[in-house]
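Note sheet for the following structure.
Everything quoted here is computed from the prediction, not taken from an experiment. By convention in this document, chain letters (A, B, ...) are assigned in the order of the sequence lines, proteins followed by strands, and residues within each chain are numbered from 1.
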Amino acid sequence: MDSKYTSVGREKEHRITYDLKVKRKKLSVESNSKNIKEVEQNLCFNGLCQDSNNKINNSLPNDVSEDLQEARKTLPVYQVRFRLLEEIRKHNTMILIGETGSGKTTQIPQIIHEHRLEGKGCIAVTQPRRVAAITLAMRVAAETNSEIGSIVGYTVRFEDVTSSHTKVKYLTDGMLLREAMTDPLLKKYSVIILDEAHERTVNTDVLFGIVKLAQKERDEHKVNTLKVIVMSATMDVDAFRKYYNNCPVIYLEGRTHPVTIYHSKTKHEDYQYAAVCTIFQLHATTPADQDFLVFLTGQEEIETVMSNIKQIAKEAKGPQIRVCPLYAGLPAVKQLQVWKKTPPGMRKIVLATNIAEASVTIPQIKYVIDTGVVKERTWCTSTGAERLVVRACSQAAGWQRAGRAGRTTAGAAYRLYTAADFAARQQHNTPEIVRCPLSSTMLMLIATGMDPSTFPLLDSPPRDSIQAALILLKEIGAIDNENNPKLTVLGKKMTAFPIDPKYSKILLCAPEHNCLEEALSLVAVMSSENVFHTPLHKREEALKVKQKFISPLGDHITLLNVYKAFCKAPLKKQWCRENYLNHKNLSYASEIRQQLLGVCQRLNMTVSSCGTALDQLLKCLLSGLFTNCAWARAGAGGGGRYVTSAGVAAMLHPSGVLHAVRPAPPAVLYTELLHTKRSYLVTVSAIQPQWLHQVAPEYARRCRANR
DNA sequence: GAGCACTGC
């Protein structure tokens with residue numbers, strides 16, 4: 001609450017209007033800005049451009065398939081289908097660039113299937129997100145007038161809606177990766193379409209390589225040919241072409257409404273402040289039915305700006321305002337507010353994180369206010385510490401954000417940074433694979449029979465990062481050595497679990513500690529997202545209700561208590577609301593538990609409970625997380641200061657239950673090392689130092705030697 | 001005594 005804005009609010013009589021006036025001058029915008037439409041048109045060639053109209057509408061009436069057929073015919077893709085077919089026939093690999101609304105994702109699989117280009121095989125279309133895979137499949141099933149799960153189906157985690165005669169299958173890229181672990185040649189597919197390639201998720205990047213190798217090998221061994229189509233919005237086409245041996249690139253026109261871009265003339269020191277000023281400047285001059293979308297970096301920032309807007313709105317001219325926060329950690333019920341229509345004469349202002357950039361679409365947005373920043377997670381190879389850093393977003397992200405103003409009508413985007421600033425930014429987001437931990441990915445590659453040192457990646461991660469992942473896998477016993485890694489028996493079992501390898505190690509060790517029952521619950525919760533929801537202004541209350549779950553043993557047992565209580569609660573949604581817990585994430589954890597239990601049963605593991613002997617569970621946790629130990633620093637007065645086995649000085653995070661405990665435990669295990677203002681251990685439990693010798697003797701000896 | 005962006009199996 002200590003923001004600069006609060007002080008503006010407190011002295012509102014004489015300051016708000018003054019500041020806004022000043023800002024109004026400063027913020028006057030350039031009108032010679034680019035128009036997204038123009039940019040799109042410049043991208044078209046090859047005679048494939050047609051002007052047309054289309055939108056995948058989620059609320060489509062599903063009773064009239066004739067209408068759907070008519071709608072299909074108006075799509076840009078439809079107009080050029082024969083030309084496209086010819087290209088697909090001629091080439092086994094191609095890149096297809098198409099903007100939003102070109103219809104590429106729904107139509108191209110259908111066109112291929114209508115002409116039976118897939119032969120006896122199946123057409124796979126990958127998506128980075130579950131919802132997209134599901135809704136696209138449903139749309140295409142409706143268009144082909146077929147039952148979902150027959151000709152057209154989808155596969156996502158927890159859900160497989162396909163059958164033996166499915167020919168067009170939408171699936172998440174993670175799902176196709178898992179299939180590749182049992183069949184690296186992906187023989188059941190004759191066409192694989194990798195969609196949203198520009199997002200460059202780890203999974204898509206790995207798939208690029210898997211598919212490339214599968215194609216080559218199938219060619220050499222005369223197995224049925226594999227056609228690969230990489231689809232994307234604008235992206236680094238040259239790099240992609242090179243990667244795919246100079247394959248052809250085809251451009252399709254999309255259909256969005258024109259969006260006018262405005263840049264600030266001067267640099268703003270404080271983008272939150274500039275955002276609030278811009279909001280009220282637009283608010284005073286535009287009709288109430290035109291909604292705003294503001295891009296911010298996170299929960300706290302959104303909450304601060306929200307309360308500032310509410311304060312200023314009491315004084316400001318213009319229509320009534322409804323402010324809607326939107327971030328992933330927000331309970332689903334509150335997220336829904338964003339899609340609720342406001343009464344006439346009331347304006348909706350959505351304050352969102354990156355979630356609104358691609359994951360969700362809000363209709364009726366007329367103005368986008370882009371602060372130009374994003375919060376990004378980075379990771380340090382040598383210490384294993386993670387950082388959340390606010391940094392300038394890429395040009396591609398800037399265009400993506402601006403495009404959100406042109407979904408329903410022509411709109412405008414206000415960039416709170418200068419045109420020169422924009423031009424100086426990096427063109428594309430840094431691919432995730434070069435900035436995240438790779439142990440899961442490496443384990444998966446090895447399980448698929450790939451050699452991590454020669455596997456073709458479009459962008460290679462730092463050598464350290466690969467090395468660190470292999471060392472960890474060796475450490476937890478998943479592979480036999482780091483240089484020419486082969487899976488061990490344990491490692492093979494680990495790959496059966498769709499979770500972090502450290503967590504699968506915990507589960508695999510649980511039977512010998514007699515605590516698989518508890519380990520399953522805990523690993524499921526740890527694999528889900530944060531279950532605690534702490535709104536800024538209700539923090540005290542949220543902390544108070546948390547008390548009843550707290551275990552003196554630490555955060556892990558506390559999480560277990562939360563999960564157990566959740567399972568027992570009869571009215572779960574209401575119970576979660578009362579206890580400041582996130583229902584969505586707890587339900588997700590319970591689905592994960594179900595899935596993990598299935599894997600354990602297939603592996604014939606004994607599911608038993610340690611009852612009140614929670615030491616057993618902590619030892620078991622340690623057997624997977626033994627590289628995450630920290631020891632209290634000798635002589636550090638007051639306690640709470642630790643040093644990790646990698647030698648990083650860190651403190652217990654104040655949100656943890658051990659934070660207030662005195663004397664501080666001499667040794668702890670932590671789930672996460674997070675660097676913000678200082679280094680903190682997050683999600684921590686106390687351990688007996690001798691446990692480390694029991695569960696990981698070799699590692700313990702080396703630690704001792706180093707300390 | 002401080003704050004976690006977003007996906008996925």
Checking all strands, does [X] fall into the base, sugar-phosphate, or nothing category for heavy-atom contacts under 4.0 angstrom?
X	result
Glu179(A)	nothing
Val390(A)	nothing
Thr297(A)	sugar-phosphate
Tyr680(A)	sugar-phosphate

Legend entry - Test: Asp421(A) and Arg415(A) ion pair at under 4.0 Å: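 So Asp421(A) does not pair with Arg415(A) through a salt bridge.
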Legend entry - Check ion pair Lys169(A)-Glu179(A) (N to O, under 4.0 angstrom):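 Answer for the salt bridge query: yes.
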Nearest whole angstrom, please: distance from the [atom2] of [N] to the [atom1] of [X].
X	N	atom1	atom2	value
Asn354(A)	dG8(B)	CG	C1'	17 Å
Glu199(A)	dA5(B)	CD	C1'	14 Å
Phe497(A)	dG8(B)	CZ	C1'	18 Å
Asn585(A)	dG8(B)	CG	P	12 Å
Glu591(A)	dC9(B)	CD	C1'	13 Å
Glu300(A)	dG1(B)	CD	C1'	14 Å
Arg129(A)	dC9(B)	CZ	P	12 Å
Tyr503(A)	dG8(B)	OH	P	18 Å

Output the single nucleotide from [options] whose closest atom is nearest the side chain of [X].
X	options	value
Val682(A)	dT7(B), dA2(B), dC4(B)	dC4(B)
Gln299(A)	dA5(B), dC9(B), dC4(B)	dA5(B)
Pro654(A)	dG8(B), dG1(B), dC6(B)	dG1(B)
Thr676(A)	dG8(B), dT7(B), dC4(B)	dC4(B)
Tyr588(A)	dT7(B), dC9(B), dC4(B)	dC9(B)
Thr353(A)	dA5(B), dC9(B), dC4(B)	dA5(B)
Arg130(A)	dT7(B), dG1(B), dC9(B)	dC9(B)
Tyr327(A)	dT7(B), dC9(B), dC6(B)	dC6(B)

Inset, instruction - Could you tell me whether the side chains of Tyr271(A) and Glu301(A) share a donor-acceptor contact shorter than 3.5 Å? - result: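 Their side chains do contain a donor-acceptor pair, which is all the 3.5 Å distance test asks for.
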Legend entry - Geometric cation-pi criterion Arg425(A) and Tyr417(A), 6.0 Å radius, 45° cone: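 The answer is yes; both the distance and angle limits are met.
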Legend entry - Side-chain N or O of Thr172(A) closer than 4.0 Å to phosphate OP1/OP2 of dC9(B):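 It does, given that an N or O in the side chain of Thr172(A) lies less than 4.0 Å from OP1 or OP2 of dC9(B).
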Inset, instruction - Just jot down the salt bridge (charged side-chain N to carboxylate O under 4.0 Å, His left out) partners of Arg387(A), sequence neighbours excluded, or say none. - result: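 Expected list: none.
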Inset, instruction - Sequence neighbours left out, what passes salt bridge (charged side-chain N to carboxylate O under 4.0 Å, His left out) with Lys538(A)? Give chain and number order. - result: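 For Lys538(A), no residue satisfies salt bridge (charged side-chain N to carboxylate O under 4.0 Å, His left out) once neighbours in sequence are set aside.
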Legend entry - First encountered from the 5' end of DNA chain B, between Glu376(A) and Asp500(A):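 Here Glu376(A) is the residue nearer the 5' end.
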